[in-house]
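A quick write-up on the structure given underneath.
The figures that follow rest on heavy atoms only: side chains count, while hydrogens, waters and symmetry mates do not. Just so we're on the same page: letters track the sequence lines, and every chain starts at 1.
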Amino acid sequence: MATKLKSYNGTGGTPEPLFLTTTEIEREESMRVLDKRPKVSRRGFLGGSGVTLVAMSILPSGVIMGADSAWAMTAKALKPESFATLVQMSRDIYPHDRLNDSYYAKAVAAFDSQAEESEDSKKMLEDGVAALDAAAMKAHGVTYGQVGWEAERVALLQAIESDGFFQSIRGGLVTGIYNNPDVWPLFGYEGASADQGGYIERGFDDIDWLEA
Amino acid sequence: MATFDLNDDSVVVVIGSGAGGGTVGAELAIKGVKTVILEAGKRHETEDFINDEWGSFGQLAWTDKRTTSGDWRVARDFSGLPAWIVKSVGGSTTHWAGASLRFQEHEWKAQTNYGDVEGASLLDWPIDAEEMAPWYAKAEDRMGVTRTNGIPGLPGNNNFKVMKAGADKLGYKECHTGRMAINSEPRDDRSACLQIGFCFQGCKSAAKWSTLVAEIPKGEETGNLEVRPESHVLKIEHDDSGKVTGVVYADKDGNQQLQKARVVCVAGNSIESPRLLLNSASSMFPDGLANSSGQVGRNYMRHMTGSVYAIFDKPVHMYRGTTMAGIIQDESRHDPSRGFVGGYELETLSLGLPFMAAFLNPGAWGREFTSAMDAFDRMAGMWIVGEDMPQADNRVTLHGSEKDQYGLPVPNVHFDDHPNDIAMRNHAYKQGRALYDAVGAVETYPTPPYPSTHNLGTNRMSAKATDGVVNKWGQTHDVKNLFISDGSQFTTGAAENPTLTIVSLALRQADHIASQMSKGDL
């Protein structure tokens with residue numbers, strides 16, 4: 001059932017076909033739901049003897065590597081240790097167990113780019129990390145990234161949550177995490193739909209569990 | 001498409017191309033009146049719109065510098081963004097969701113029907129339901145409103161079905177898929193709704209009415225209308241007799257131009273319209289143009305709003321299909337036994353993942369927040385929109401030191417919730433949560449107001465010149481050939497989404513201006 005759909009382009013003249021055809025989809029009995037499982041292909045890295053944080057390592061080369069070896073990044077402006085600490089801090093601010101650290105690292109890469117462009121940003125980030133590490137050392141005798149329990153790290157963050165450093169990280173993560181199209185399928189969000197003919201043939205009204 | 005000379009002083013100049021300006025400009029052109037619409041934003045057509053929340057926000061939103069004050073939470077969460085409105089041809093009709101509801105009869109006379117409410121500056125409109133009935137009918141036909149003119153309602157999406165199930169359990173009687181200016185079948189050379197979602201991001205199928213796709217093209221076809229985008233009006237000029245003579249605007253290169261005018265209609269939405277009058281102060285009008293009453297900028301209303309989102313143990317996918325897919329009207333009545341005057345509507349709403357992160361509970365972090373986000377595909381949502389109380393000190397003023405890109409004072413938007421607004425919001429939160437609980441919600445979230453989409457009242461309509469800025473035609477009390485054509489002329493806000501009323505008033509105003517011009521009175 002390919003439907004020809006017309007759209008008026010708003011500038012006068014003949015309506016142009018906007019969507020030539022919609023994808024032919026058999027109506028299913030049940031709701032069209034999404035598989036939210038991650039589909040990241042894991043690749044191995046040679047183990048190194050770098051500094052180990054809770055969920056990642058910093059290799060002697062300065063490369064920051066995920067504990068599950070699924071990702072690796074190099075800091076452009078920030079110290080590798082600071083980059084890694086920000087990754088951990090980001091996960092603690094918006095913890096999603098189904099997101100591996102690579103998504104948080106990608107968000108932190110945006111902060112690293114700001115640090116590359118602006119000395120003020122770089123100082124704010126490095127100073128913020130240093131203060132967080134100092135607070136962790138005082139409370140637990142280790143740096144922030146080495147504090148073992150999320151609740152203990154969260155307590156350290158709550159102590160600074162009204163500070164400019166915390167607020168700029170948290171604010172940046174709202175887009176850094178949730179506006180990354182790669183995470184959308186993991187939350188069951190399908191993104192753009194006009195290019196697929198909308199949802200009229202793709203389950204806009206297919207809810208199947210409400211009582212009559 | 002017409003082009004008019006800057007020195008042509010026979011044209012009507014309309015400032016803004018949204019629901020008010022786009023409609024009054026197009027309707028004047030259809031009536032044979034030469035009209036220039038000056039729009040601050042660019043012209044983005046249907047094919048340019050983006051199915052991406054932040055991408056579209058960057059394309060369409062009015063993000064010029066503004067400041068905020070007052071106890072409303074928007075001032076804390078979004079201090080530089082009091083309003084979520086549009087700078088683009090079509091104005092906020094590119095962004096609106098399409099709900100097209102008439103005011104209820106009692107809402108035209110709020111002062112009479114609600115009595116004295118402490119701290120509120122309630123006033124009766126100088127017009128009523130009977131006066132407006134034919135104009136509403138004309139607007140509904142023009143906009144193709146569903147459930148009017150024999151147009152069928154839209155089909156309900158998953159989000160609506162959850163709302164409807166809850167409404168039935170609570171015993172609500174008036175729950176349906178709304179009166180929407182979205183085509184449920186092809187009409188007016190525009191297609192039927194494809195349930196794309198992204199109604200807020202500019203409709204990609206043009207099924208949703210906007211001045212961009214519906215009114216402006218019709219005006220342009222007459223040869224009497226020129227729409228001049230990237231023309232940001234800075235000041236309205238007048239002569240020694242106190243009549244306006246033209247407007248100064250910054251063109252796309254930032255150069256100042258003077259467009260002469262026979263009549264000027266201001267329709268820049270309820271923050272920019274009073275700001276422009278205030279920025280147009282002169283020795284003859286020292287407190288701002290048309291401000292002998294001192295009411296310009298006062299009585300700023302933004303509707304009592306809030307949202308309720310709920311998560312369930314099974315999928316909903318609320319974002320599939322129209323954003324505002326259904327309505328409950330049972331609470332829109334005036335019934336002071338609930339603890340407040342006026343009423344509210346409950347309307348489904350959905351946000352995509354990026355905007356849900358920004359708006360669900362701004363500033364929140366940690367596992368309570370992320371557990372809600374983790375349930376995004378199992379979430380249903382509704383928006384609350386109700387009548388808020390006008391207050392004289394809720395107002396748009398010129399900032400004392402902050403300047404915009406043209407060197408003019410930026411607007412400050414001050415808003416304090418009235419106790420009636422708070423009582424109504426709490427009632428609505430309770431009802432919304434009860435509704436979702438009745439369908440088996442595992443958690444519900446009382447979400448605070450977003451930056452204002454319904455900005456109203458800052459040049460209000462009044463019978464007496466001392467009580468407001470414009471008369472019953474939207475004509476300023478002080479300057480005969482100066483009109484206000486947007487929602488800033490609202491005397492009170494009513495419970496309903498304002499666009500249908502703005503369009504109806506604009507059609508009526510165009511008829512009045514054209515008739516006054518032909519009589520030689522303008």
Side-chain angles (χ1 to χ4, degrees), chain A residues 5-12 15-16 18-19 22 31-34 36 92-98 150 154 157-158 161 166-167 170-171 173-175 177-181 183-184 187-212, chain B residues 1 45-47 49-54 155-158 160-162 164-165 186 188-198 204-207 210 212-214 216-217 220-221 312 314-317 319-322 352-354 356-358 363 365-367 369-370 373-374 376-378 439:
Chain A
L5 298 156
K6 296 276 187 176
S7 167
Y8 183 62
N9 67 11
T11 54
E16 299 288 330
L18 180 60
F19 310 109
T22 54
M31 220 177 153
R32 185 172 67 82
V33 297
L34 305 178
K36 290 158 67 172
D92 294 333
I93 293 174
Y94 290 123
H96 288 287
D97 298 337
R98 72 163 68 92
E150 179 183 317
V154 165
L157 295 179
Q158 282 167 339
E161 70 177 325
F166 179 89
Q167 283 303 328
R170 190 206 59 73
L173 291 173
V174 172
T175 47
I177 300 292
Y178 301 105
N179 199 36
N180 174 4
V183 312
W184 293 349
F187 287 87
Y189 178 54
E190 297 172 79
S193 86
D195 55 346
Q196 299 172 75
Y199 289 105
I200 195 156
E201 307 270 358
R202 296 189 307 127
F204 81 103
D205 64 347
D206 66 354
I207 195 164
D208 61 1
W209 52 264
L210 291 165
E211 291 171 31
Chain B
M1 200 186 297
E45 299 290 355
T46 295
E47 59 270 24
F49 292 145
I50 307 167
N51 265 198
D52 176 280
E53 290 180 316
W54 283 115
N157 67 2
N158 291 341
F160 170 72
K161 288 182 171 182
V162 175
K164 180 70 167 66
D188 198 25
D189 290 333
R190 291 181 287 112
S191 70
C193 175
L194 301 173
Q195 300 290 335
I196 293 170
F198 296 98
K204 290 288 286 179
S205 71
S210 68
L212 175 73
V213 299
I216 287 169
E220 288 175 329
E221 277 165 28
F312 297 87
K314 298 184 196 70
V316 177
H317 295 287
Y319 57 84
R320 293 180 186 166
T322 49
L353 189 82
M356 188 57 71
W365 58 281
R367 286 212 177 253
F369 179 81
T370 55
M373 295 300 294
D374 278 332
F376 177 78
D377 55 340
R378 294 182 275 120
V439 196

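- Between A/Asn179 and A/Trp184 the shortest side-chain heavy-atom distance falls below 4.5 Å.
- Looking at B/Met373, both its backbone and its side chain come within 4.5 Å of chain A, counting heavy atoms on both sides.
- Residues passing the side chain to side chain donor-acceptor pair (under 3.5 Å) test with B/Tyr319 are A/Glu190, B/His317, sequence neighbours excluded.
- When each of A/Asp92, A/Leu173, A/Asp97, A/Val154 is checked for heavy-atom pairs under 4.5 Å with chain B, A/Asp97 comes out on top.
- In this structure, chain B has heavy atoms under 4.5 Å from both the backbone and the side chain of A/Leu157.
- Neither the backbone nor the side chain of B/Phe160 comes within contact range of chain A; no heavy atom of the residue lies under 4.5 Å from a heavy atom of that chain.
- Using a 4.5 Å cut-off between heavy atoms, A/Asn180 makes no contact with chain B at all.
- When side chains are defined from C-beta on, A/Phe166 does not count as touching A/Gln158, because their heavy atoms never get closer than 4.5 Å.
- Neither the backbone nor the side chain of A/Ile177 has a heavy atom closer than 4.5 Å to any heavy atom of chain B.
- When the candidates B/Phe312, B/Phe49, B/Phe376 are compared by the number of heavy-atom contacts under 4.5 Å with chain A, B/Phe376 comes out ahead.
- Classified by interplanar angle (parallel below 30°, tilted 30° to 60°, perpendicular above 60°), the ring pair A/His96/A/Tyr178 is perpendicular.
- Residue A/Leu210 touches chain B through its side chain alone, counting heavy-atom pairs closer than 4.5 Å.
- Counting heavy-atom pairs under 4.5 Å between each of B/Asn51, B/Asn157, B/Asp377, B/Asn158 and chain A puts B/Asn158 at the top.
- Here the CZ-CD1 distance, from B/Phe198 to B/Ile50, works out to 11.0 Å after rounding to the nearest 0.5 Å.
- Within the 4.5 angstrom heavy-atom criterion, atoms from both the backbone and the side chain of B/Asp374 approach chain A.
- Of the atoms belonging to B/Ala165, it is side-chain heavy atoms, and not backbone ones, that fall under 4.5 Å from chain A.
- Side-chain contact check for A/Val183 versus B/Leu353: some heavy-atom pair is nearer than 4.5 Å.
- Applying the salt bridge (Lys or Arg N to Asp or Glu O under 4.0 Å) rule to B/Lys161 yields no partners; only residues at least two apart in sequence or on another chain are considered.
- In this structure the side chain of B/Arg320 reaches within 4.5 angstrom of the side chain of A/Asp206, judged on heavy atoms.
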